[in-house]
Number of protein chains: 2
Amino acid sequence: MPEERSELRKAGLKVTHPRLQILKLLEETPQKHMTADEIYRSLMSGGEEIGLATVYRVLNQFESAGLVRKHLFTDAGGTSTQACYELDEGGHHDHMVCEDTGKVIEFYDEQIEKRQEEIAREHGYEIVNHSLVMYVRPIKKA
Amino acid sequence: MPEERSELRKAGLKVTHPRLQILKLLEETPQKHMTADEIYRSLMSGGEEIGLATVYRVLNQFESAGLVRKHLFTDAGGTSTQACYELDEGGHHDHMVCEDTGKVIEFYDEQIEKRQEEIAREHGYEIVNHSLVMYVRPIKKA
DNA sequence: CTAGTTGCAAAAGATTTGCAGACGT
DNA sequence: ACGTCTGCAAATCTTTTGCAACTAG
């Protein structure tokens, strides 16, 4: 599967083992959002040779290259100081984080997007970027 | 103005000099959003005796008490790792950060709020909290 | 061959914590 | 007086950087 190789080349990055590993991991992980440390541990326990510093460096390069997006969620207790990364598949979307399970759900809403543009415009600005995260909890029937 | 004193008491906190100073500063600052370090520096240069650790401790207590809100904005370059705090005046609002000037603008939009609730509900969740930040730039006229 | 990469260890930056002394009530 | 605070310094934690060895093209 040389697909990842060309993604890297296109980004102007040499095709190295660590980069391929990280890219592959991000593509295959079911949770889709991982911290640098989770990536590091995951690769290590998979028997790979890699340094944590390399993981950070590669993620930054990937982010600059637009291969990956970085998020700063605040976990349940408000005690997260750790960034997490997800593959950038192109389509923008926002996030919902379940406070009970930590599960991250993606969503996209045309209405909200539009309204945001309008609000910015009303203030004389244009949106460069935006981040919407909803911290939620399952509705308990009762 | 004993107003601040009772706010502290109500929060179950002793009325001490550092706490009063920080509360007052947050009430009076025009920018409304300050980092722990900015607060520390501001008080120090105002001739106050205070430790940075105390600023952090007090802000955390204020946050738990609901007197203050903590935000993790990402400044222009994406290079912010510093939290900033604002007085919690009760009314919820979202933020727009100007990438050129760093200015923080607050706004509230009923439509977006409603839509968020709906989306969460559609997924079987209820919103505990949410954070919407738009990183914007002044519209440049041709 | 040569510039880009890597791993390690050390550095940095933000925030937290242990502790002895000081202070509010 | 008592338990709560405070300031300082040291500790933590995440992320970055210096450097010498290594590797892709």
Side-chain angles (χ1 to χ4, degrees), chain A residues 2 4-23 25 33-41 43-44 47-65 67-75 77-85, chain B residues 2 4-23 25 33-41 43-44 47-65 67-75 77-85:
Chain A
E4 290 124 8
R5 302 185 112 77
S6 47
E7 285 188 75
L8 290 176
R9 291 224 177 72
K10 217 183 316 173
L13 298 169
K14 282 188 180 176
V15 177
T16 65
H17 197 65
R19 302 219 253 241
L20 281 173
Q21 291 304 317
I22 293 175
L23 196 50
L25 178 55
H33 298 76
M34 300 184 79
T35 65
D37 200 62
E38 283 169 350
I39 292 172
Y40 172 67
R41 284 174 147 67
L43 292 178
M44 285 299 261
E48 297 297 326
E49 279 274 309
I50 197 168
L52 178 54
T54 301
V55 174
Y56 276 106
R57 263 182 306 225
V58 169
L59 286 171
N60 283 339
Q61 294 159 344
F62 282 8
E63 194 195 3
S64 306
L67 289 176
V68 138
R69 270 183 216 171
K70 182 181 186 176
H71 299 288
L72 289 168
F73 297 148
T74 288
D75 64 26
T79 316
S80 170
T81 175
Q82 221 158 325
C84 76
Y85 300 82
Chain B
E4 290 124 7
R5 303 185 112 77
S6 47
E7 285 189 75
L8 290 177
R9 291 225 177 72
K10 217 183 318 173
L13 299 170
K14 283 190 178 175
V15 178
T16 65
H17 197 66
R19 303 219 253 239
L20 280 173
Q21 291 303 318
I22 294 176
L23 196 50
L25 178 56
H33 298 76
M34 301 184 79
T35 64
D37 200 62
E38 284 169 350
I39 292 172
Y40 172 65
R41 284 175 147 68
L43 292 179
M44 285 298 261
E48 297 298 327
E49 280 273 307
I50 197 169
L52 178 55
T54 301
V55 174
Y56 276 107
R57 263 182 306 224
V58 169
L59 286 171
N60 282 340
Q61 294 159 345
F62 282 7
E63 194 195 2
S64 305
L67 289 177
V68 137
R69 270 184 216 171
K70 181 182 187 177
H71 300 288
L72 288 169
F73 297 148
T74 288
D75 65 26
T79 317
S80 170
T81 175
Q82 220 156 326
C84 74
Y85 300 82

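Order of the sequence lines sets the chain letters (A, B, ...), proteins ahead of strands, with each chain counted from 1.
- Map B:Val15 and A:Ile50 each onto its nearest nucleotide of DNA chain C; the residue landing nearer the 5' end is A:Ile50.
- In plain terms, the two heavy atoms of A:Gly51 and A:Tyr40 that are nearest each other are C-CE1, 3.7 Å.
- Of all heavy-atom pairs spanning B:Arg19 and B:Phe62, the tightest one is O-CZ, 3.7 Å.
- Distances from the side chain of A:Arg19 to the nucleotides D:dT6, C:dT5, C:dC8 place C:dT5 closest.
- Contacts of B:Thr16 with the nucleic acid, taken as non-hydrogen atoms under 4.0 Å apart, involve only primed sugar atoms and P, OP1 or OP2.
- Residues A:Arg9 and A:Thr35 both approach DNA chain D. Their nearest nucleotides, taken by heavy-atom distance, put A:Thr35 toward the 5′ side.
- Checking A:His17 against B:Met44, the closest nucleotide of DNA chain D that is more toward the 5' end is the one next to B:Met44.
- Of the inter-residue distances, the one linking A:Leu13 atom CG with A:Ser64 atom OG reads 9.0 Å to the nearest 0.5 angstrom.
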**Request:** Verify side chain to side chain donor-acceptor pair (under 3.5 Å) between B:His17 and B:Glu49, making sure each step is shown before the conclusion.
**Result:** CA-CA 9 Å; B:His17 197 66; B:Glu49 280 273 307; over 6 Å; no
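- Atom-to-atom, CG of B:Leu52 to P of C:dG13 comes out at 14 Å; the value is rounded to the nearest Å.
- Residue B:Thr54 places at least one side-chain N or O closer than 4.0 Å to OP1 or OP2 of D:dG7.
- Between the CD atom of B:Gln61 and the C1' atom of D:dT6 there is a distance of 11 Å, given to the nearest Å.
- Out of D:dT14, D:dG7, C:dA14, the shortest distance to the side chain of A:Gln82 is found at D:dT14.
- Ranking D:dT6, C:dG4, D:dT15 by closeness to the A:Lys14 side chain, first place goes to C:dG4.
- Look at CG on B:Leu59: it is 10 Å from P on C:dT15, rounded to the nearest Å.
- Within the nucleic acid shown, B:Asn60 comes within 4.0 Å of sugar-phosphate atoms alone, with no base atom in reach, counting heavy atoms only.
- For A:Leu43 and C:dG7, the CG to C1' distance is 14 Å, given to the nearest whole Å.
- Of the candidates C:dT6, D:dA9, D:dC5, the closest approach to any side-chain atom of B:Ala53 belongs to D:dA9.
- Checked by distance alone, A:Arg57 brings no side-chain donor or acceptor within 3.5 Å of a matching partner on the base of C:dG4.
- Scanning all heavy atoms of the two residues, the minimum distance from A:Val55 to A:Ala36 falls at CG1-O, 3.6 Å.
- Phosphate contact (OP1/OP2 of C:dT16, side-chain N/O of B:Tyr56, threshold under 4.0 Å): absent.
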